[in-house]
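Everything below concerns the one structure shown next.
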Number of protein chains: 2
Amino acid sequence: MAGYQEAADHIAAQISKGVLKPGTQLASERQLSEELNISRLTLRSALTKLEADGLIYGKSRCGWFVSPPRFVYDLNRKANYKEMAQSQGRAARIDLLDSGLMKGAGLPARMREHHRSKAFYLHRIRHLDGRPVMFETVYLAADAVPGLLEHNLSDSITGLLANDYRIEIDWEETSVRSALLDPAQAAALAVAPGTHCLMIERKRFSDSRLVEFDAEYWLPGAIEIRLSAQT
Amino acid sequence: MAGYQEAADHIAAQISKGVLKPGTQLASERQLSEELNISRLTLRSALTKLEADGLIYGKSRCGWFVSPPRFVYDLNRKANYKEMAQSQGRAARIDLLDSGLMKGAGLPARMREHHRSKAFYLHRIRHLDGRPVMFETVYLAADAVPGLLEHNLSDSITGLLANDYRIEIDWEETSVRSALLDPAQAAALAVAPGTHCLMIERKRFSDSRLVEFDAEYWLPGAIEIRLSAQT
DNA sequence: TAGTGGTCTAGACCACGAG
DNA sequence: TCGTGGTCTAGACCACTAT
C-alpha cells in the first residue's frame, strides 16, 4: 500500500476512534511527517485525500482541522439556509462581500439564455459555526427588483423577493457538478488555491421569467445535498 | 502567480482555442514539464487541477486526455441511462463486474434503516464512448426479486423491476456529495487511486417499501446533474 | 516575529499498460 | 520490453496568519 494511503488511514482511524474530535486542530505538517516517518510531501498528499473525503479541512496557512458533520442541504424543503442550519444545530451567517449593477453583456452565458438586460449581482460568503463554507454569486433581474441595493442583502434572497417585492418563485432549474475554485473564491473561503468544490447553479423563475440566477461554490466536505421525489 | 497555475492556464487556453480537441492525448508528463520548464511534480499539480475542473482526465499509466463534454444526468427524466446517453449522441455500455447475495448485517447503514434482511448486490461499471465513468453498487431487496441473478443485469434496473417483476418505483430519495474513490473502485475505473468523485446515493421505494439502494461514484469531470421543480 | 501551510526542485524507483 | 504515470525523498524558499 502507498505511504500516503497508510498515513491517511492512520489519521482516519484516530478520527473514527474519537481520539481526534471535530473542530480540533491536527499537529503541524512538519511534526506529523516526522512522527510518521514520511516526507512532508507524502503527508500533504494524505491530508488532501482526507480533505477530499470530507474528514478534515485545511484553513490556508493556519492548519488542518477535523471536520464537523456535513451540512444537509435539502432541496425540497421550503426552509431557507439559516433555518436549515438552525434545525441541524448549526449557527449560520451570511456576509455580503460586494454588490452592484451589471450590463447584460457581462452576465454568465447560462443566464443570458433567459435574460439579456441589466442585473444586480451580489457576492456573498456563507458560514457555518464561524467557518466559511460557500461562496456564491447571485444575479437578480434589475427590472424586477428596483432599488435592490438599499435592502438587507445578508439574508434569504427568496424571502426578500417574497416580502419586499411580492415575487413568488414558481419554477426552479438546478444543476450540480464538481468544479474548481478560482483564486479569488479560494482566498475568500480561506482555503488553498486550486481547492475543488461542489457547484450548484440555480435558475429561479416567476411567471415564466427568470428573476434570479445563483452560482454556489461549496467546500466539498461541508455539504451533502438531498432531494426526494414522487415518480 | 504560482507556476502550476500558469501551466494549467496555458494548457486550458490550448483546449479552449481548439488546438487540443476532446479525446486527444496530451504529451507525456516528462515531455510537457521540459517544454514548460517546470519540474514534473509542478506539472502534475497543474494536470490534477485541470482534471478537477473537468477539462482533462487521466487514464492511469496511460496518459492524459482532453475531456469530452459532460454527460448531463437529468434526475427528472424518465429516460434510463442508455437512452439519455443516446439522446446526447454518446454510446453507453454497462458492465456487470460481480453479483451475489448478502446478509442483512452486511448492508450499508443507510440501507439498513429501511431494510434489514437479505439483499442481492451488483457491482457495475458504466461507460461512455468506451471510457469508464462510473462505478456503482446496487442492492435489491431479495424477497422482492426472487431469482434475480438469472436475469440480464447489464441494463436498466428500473426497467428490469418494471418488466420482469411488475414493481413500479413510486418514491425516490437522493443524496449527492463529494467523496473519494476507494482503491478497488479507482482500479475498476482505470484512474489513479485517491481520485475524488461525485457520489449519488438513491433509495427507491415501491408501496412504501425500499426495494433498491444504489450508490453511484462518478468521475467528477464526466457528469453534470440537472433537476427542475415546481415550487 | 514565529509558525503555519503553499510551492518548488532534481532527481529516483516502482507498477502497470500496450505492443 | 518500453513508455506511461504513481510514488517518494530531503531539502529549500516564500506568503500569509496570529500574536
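- Nucleotides of DNA chain C that come within less than 4.0 Å of any heavy atom of chain B span, from the 5' end to the 3' end, C/dT7 to C/dA18.
- Note that B/R126 lies in the cation-pi zone of B/Y81, set by a 6.0 Å cut-off to the ring centre and a 45° limit from the axis.
- A ring-centre distance under 6.0 Å is not found for A/W218 and A/F135.
- In this structure, B/F65 and B/Y57 have parallel ring planes: the angle between them is below the 30° cut-off, well short of the 60° mark.
- Remark: B/D129 engages B/R90 in a salt bridge, criterion side-chain N to carboxylate O under 4.0 Å.
- At whole-Å resolution of the value, CD in A/Q25 and P in D/dA18 are 10 Å apart.
- In this structure, CG of B/L50 is placed 16 Å from C1' of D/dG5, rounded to the nearest angstrom.
- For B/E29 and B/R44, the salt-bridge test passes: some basic side-chain N is under 4.0 Å from an acidic carboxylate O.
- In this structure, B/I125 and B/P132 approach most closely via the heavy-atom pair CG2-CB, 3.8 Å.
- At least one side-chain nitrogen or oxygen of A/K59 sits closer than 4.0 Å to the OP1 or OP2 atom of D/dA18.
- Taking every heavy atom of residues 38-48 of chain A and every atom of DNA chain D, pairs under 4.0 Å involve A/I38, A/S39, A/R40, A/L41, A/T42, by number.
- Side chains of B/L149 and B/L101 form no contact here, defined as non-hydrogen atoms less than 4.5 Å apart.
- Salt-bridge formation is not detected for the pair A/E6/A/K49: no Lys NZ or Arg NE/NH1/NH2 atom is positioned less than 4.0 Å from an Asp or Glu carboxylate oxygen.
- Residue A/R61 contributes atom CZ, which lies 9 Å from atom C1' of D/dT17 at whole-angstrom precision.
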